[in-house]
Amino acid sequence: MGVTEELDRLYGEALGAIEAAGDLAGLDAVRVSVLGKKGSLTQVLKGLGALSAEERPIAGKVANEVRATIEQALESRKSLLEQDALAAQFTAQAVDVTLPGRGRPVGSRHLISAITAEVIEIFLGLGYQVAEGPQVELDYYNFTALNHTPQHPARAATDTFYVRDMTGKGFDGSVPSDALLRTHTSPVQVRAMEKQDPPIYILAPGRVYRRDIADPSHLPQFTQIEGLVVDEGITFADLKGTLDHVVKAIFGSERKTRFRPHFFPFTEPSAEVDVSCGICDGKGCRFCKQTGWLEILGCGMVDPNVFGYVDIDPERYTGFAFGLGIERIAALKYNIPDLRMLVEGDMRFLRQF
Ligand code: DAH
């Protein structure tokens, strides 16, 4: 076979292979097999030197044309395959904008936070300010300055969590430790009165801790809101009016309140406040143990001894204080049978509020 025929055959074969290449890798293999160092066309071109002087220019011209055409065919097939590849990629990555959206779970405020905010809102409307104190508290603020005797049972290690550092001492080096997890929000009263002269109108929400085993009506960690008012001329009537208003704002204006004498070391006189049972409307049922009433908070007139610890003149100022448990209010308001449900984090329960 002469060189021209050989080139002709090669040409036809190459164009066929280019046409048949299904992807870019296949096409590149064809390129190498024809134009590569050991490619079929390269071999023929190498042989041109052996031809006679008449044959060489003719064969050379044909060979160059063949090479140019093959290169062109490779180029155009390549851009076609590239377009195909891109189109395939687009199809694979296509987003169907007509599909319905995937819903994202939206969080909500925990019931305890919601009620805390609700109570704060009521008191902000009465001119109170929010105050805060530490959850790791000193015995002095939690007990002593609140007029607890050294032997008061609430100080017992069976009732209160005491906090020690790594050396087993209290944070101020005391042994036994006088740092503890506050058992109520009342220490914030003392801190507020230390910091600020009357008039004082504060509300102190926060976590408190007691060594109780969790059961339907107890949690070792729960939430209280403390209130404190110190001003000239404050009487028990102010306390009653304020708490009656607050209880009605929380539970509804049809509910009644009742004040029962009680004892707290830091108030004198002291009382517990009951709200009329919302289930039986005060007639008596299982929920209120047939009494018609549900206990919701403790309160009283600030004991002059407490004023003594913070240098407030009891001849000039009087005050009242109260403390209410948010978990208990939540349970009463929404008939929650077990306080543990509030801390278990079960979304099916929590989402209802
Ligand atoms: N600290 C009390 C408790 O945890 C609640 C309380 C009662 C707070 C009377 C007060 C108060 O401020 O005056 O049981």
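Whatever order the structure lists them in is the order used to number ligands and atoms, beginning at 1. Worth knowing before you read on, the calculation uses all heavy atoms, side chains too, and leaves out hydrogens, waters and symmetry mates.
Residue-ligand proximity, T267 to ligand 1, at heavy-atom distances under 4.0 Å covers atoms 13 (O). Close contacts of ligand 1 with G300, meaning ligand atoms under 4.0 Å from a residue heavy atom, involve 13 (O). Of all atoms in ligand 1, numbered sequentially from 1 with element shown, those under 4.0 Å from a heavy atom of Q224 are 3 (C), 4 (O). Near S186, the atoms of ligand 1 lying under 4.0 angstrom from a non-hydrogen atom of the residue are 1 (N), 8 (C). When each atom of ligand 1 is checked for a heavy atom of F264 under 4.0 Å away, the hits are 7 (C), 9 (C).
E71 has no carboxylate O lying under 4.0 Å from a charged side-chain N of K78, or vice versa, which leaves the two without a salt bridge. E6 has a carboxylate O that lies under 4.0 Å from a charged side-chain N of R9, or vice versa, which qualifies the two as a salt bridge. With respect to R258 and E295, no salt bridge is recorded, no charged nitrogen being found less than 4.0 Å from a carboxylate O. Note on R210 versus D159: no salt bridge recorded, every NZ/NE/NH1/NH2 to OD/OE distance being 4.0 Å or above.
For S270, the closest heavy-atom approach to ligand 1 does not fall below 4.0 Å.
Between F143 and H184, the ring planes are tilted. Angles from 30° to 60° get that label.
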Name every donor-acceptor pair, under 3.5 Å, that has one atom in a side chain of residues 18-27 and the other anywhere in the protein, sequence neighbours excluded.
{"from": "D23", "atom 1": "OD1", "to": "A25", "atom 2": "N", "distance (Å)": "3.4"}
{"from": "D23", "atom 1": "OD1", "to": "G26", "atom 2": "N", "distance (Å)": "2.8"}

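Among the atoms of T183, none of the N or O lies under 3.5 angstrom from an N or O of ligand 1.
The side-chain tip of R182 does not point at the ring of Y141 from less than 6.0 angstrom away and within 45° of straight on.
Shortest contact from atom 8 (C) of ligand 1 to any protein heavy atom: G323 N, 3.3 Å. Annotation: atom 11 (C) of ligand 1 to nearest protein heavy atom, F266 CE1, 3.4 Å. In terms of protein heavy-atom proximity, atom 12 (O) of ligand 1 is nearest to E226 OE2, 2.5 Å.
With atom 4 (O) of ligand 1 as the reference point, the heavy atom nearest to it among R210, H262, Q189 is part of R210.
When heavy-atom distances to ligand 1 are checked against a 4.0 Å cut-off, F322 comes that close only through its backbone atoms N, CA, C and O.
Aromatic ring centres of F353 and Y334 lie closer together than 6.0 Å.
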